Enquirer: 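The following block contains the structure, expressed as structure tokens.
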Amino acid sequence: MSEVVIVALGGSLMYDGGDIDQQWVEDASKIIAQTASAGTKIGIVIGGGHLARENIATARKSGVTDTFDLDLVGIAATRYNATAFAAALKSTGVDVSENVPETTTDATESLQNHSVIVMGGTIPGHTTDAVSINLAVDSGAKRCTIATNVDFVYDKAPQINPDAIPFEEMTLAELQSIVGPPEHRGAGPNVVIDPIGVQIAIDNSIELALLNGRELERLAKCLAGETFRGTIIGVN
Ligand code: UTP
């Protein structure tokens, strides 16, 4: 298979308040189309964003307490977002798989026949960060790029710690010392990169790149193999 790149697009990027941010979807689609036109295969994993948060909160209010069941609600949101993003990509003329694969094995198979696949979550117990790193492993990609809503990995949460220190480069072991052991912390938003995904990256020597996906020129540079503003998390 040609070179494969895997990108996790955090669901929060796709929403402006409660609505899908059409401009962002259009701009992100163009970057994916450009990368695909250079002959690179692209696996995209979309998060749940606003839709997952709202639906998980509603399920909690109506008495659902089981994490497995709340995770299923989150997965449904990620697959909805993936379907919407795949449709937008298709309208730019990109050869994208029409169905949203439900496992990373199916996604890898589908990448044999299409330039791009778009998927959401797989099973309860982790987030789409872990799915994207699993997809990197299955499809033979060396790096997994995580586009989220912060500029860098920081030593502590930058939203509540103005003195948080950003990292431009770090190792997977250093990242693990920040995000903690590989445990599922329950449905809904958590740490900068899912610790379960970090463990999968360590076990399979997958390099990670983290960047702010609201600044799409950074994603374009990263996918083109150029220097970008963000954090590179090396195998060692
Ligand atoms: P996300 O991947 O969007 O996780 O999945 P997140 O970290 O909460 O949100 P972002 O990164 O800000 O977008 C949403 C929820 O769906 C469930 C989890 O409950 C997760 O928190 N989920 C998702 C799974 O259980 N399995 C999956 O494979 C994906």
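Counting starts at 1 for both ligands and their atoms, in listed order. For this chain, numbers begin at 1 and follow the sequence in order. Computed from a predicted model, the values in this text were never measured in an experiment.
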Enquirer: Which side-chain hydrogen bond (donor to acceptor under 3.5 Å, both in side chains) pairs, counting each pair once, include a residue from residues 74-94, with sequence neighbours left out?
Expert: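 Sorted pair list: Y15-N81, K90-E98.
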Enquirer: Quick check: H126 and ligand 1, any N/O pair under 3.5 Å apart?
Expert: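 So ligand 1 has an N or O lying under 3.5 Å from an N or O of H126.
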Enquirer: Kindly write out the residues that satisfy side chain to side chain donor-acceptor pair (under 3.5 Å) with N55, not counting sequence neighbours, or none if the list is empty.
Expert: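 Partners of N55 under the side chain to side chain donor-acceptor pair (under 3.5 Å) test: none.
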Enquirer: Do any N or O atoms from the side chain of E215 and from the backbone of N212 form a donor-acceptor pair under 3.5 angstrom?
Expert: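 No, E215 side chain to N212 backbone: no donor-acceptor pair under 3.5 Å.
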Enquirer: Any nitrogen or oxygen of D129 lying under 3.5 Å from a nitrogen or oxygen in ligand 1? Just yes or no.
Expert: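 Looking only at distances, the answer is no, because the N/O contact criterion of under 3.5 Å is not met.
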Enquirer: Around atom CD of E183, are there more than 12 heavy atoms of other residues, nucleotides or ligands at under 6.0 Å?
Expert: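 It does: E183 CD has more than 12 such atoms within range.
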Enquirer: Should T128 be counted as touching ligand 1, given the test is an N or O pair under 3.5 Å?
Expert: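 Yes, at least one N or O pair falls under 3.5 Å.
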Enquirer: Does only the side chain of N149 get under 4.0 Å from ligand 1, or the backbone, or both, or neither? Count heavy atoms.
Expert: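 For N149, no heavy atom sits under 4.0 Å from ligand 1.
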Enquirer: Please report whether ligand 1 has a polar contact with A52, defined as an N or O pair separated by less than 3.5 Å (distance criterion only).
Expert: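 No, no N or O pair falls under 3.5 Å.
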Enquirer: Indicate, as side chain, backbone, both or neither, the part of R53 found under 4.0 angstrom from ligand 1 when only non-hydrogen atoms are considered.
Expert: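 The answer is neither.
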Enquirer: Please tell me whether I42 and V45 are part of a single hydrophobic cluster in this structure, the criterion being side-chain heavy atoms less than 4.5 Å apart.
Expert: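 No, separate clusters.
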Enquirer: Could you list the atoms of ligand 1 found under 4.0 angstrom from a heavy atom of G47?
Expert: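 Counting atoms of ligand 1 from 1, those under 4.0 Å from G47 are 3 (O).
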Enquirer: Should the proximity of V131 to ligand 1, defined as any heavy atom under 4.0 Å, be assigned to the side chain, the backbone, both, or neither?
Expert: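 The part of V131 near ligand 1 is the side chain, not the backbone.
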Enquirer: Any atoms of ligand 1 less than 4.0 Å from a non-hydrogen atom of G48? List them with their elements.
Expert: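 Listed by number with element: 1 (P), 3 (O), 13 (O).
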Enquirer: Would you say the side-chain atoms of H126 and D194 include a donor-acceptor pair closer than 3.5 Å?
Expert: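 Result is no, nothing qualifies.
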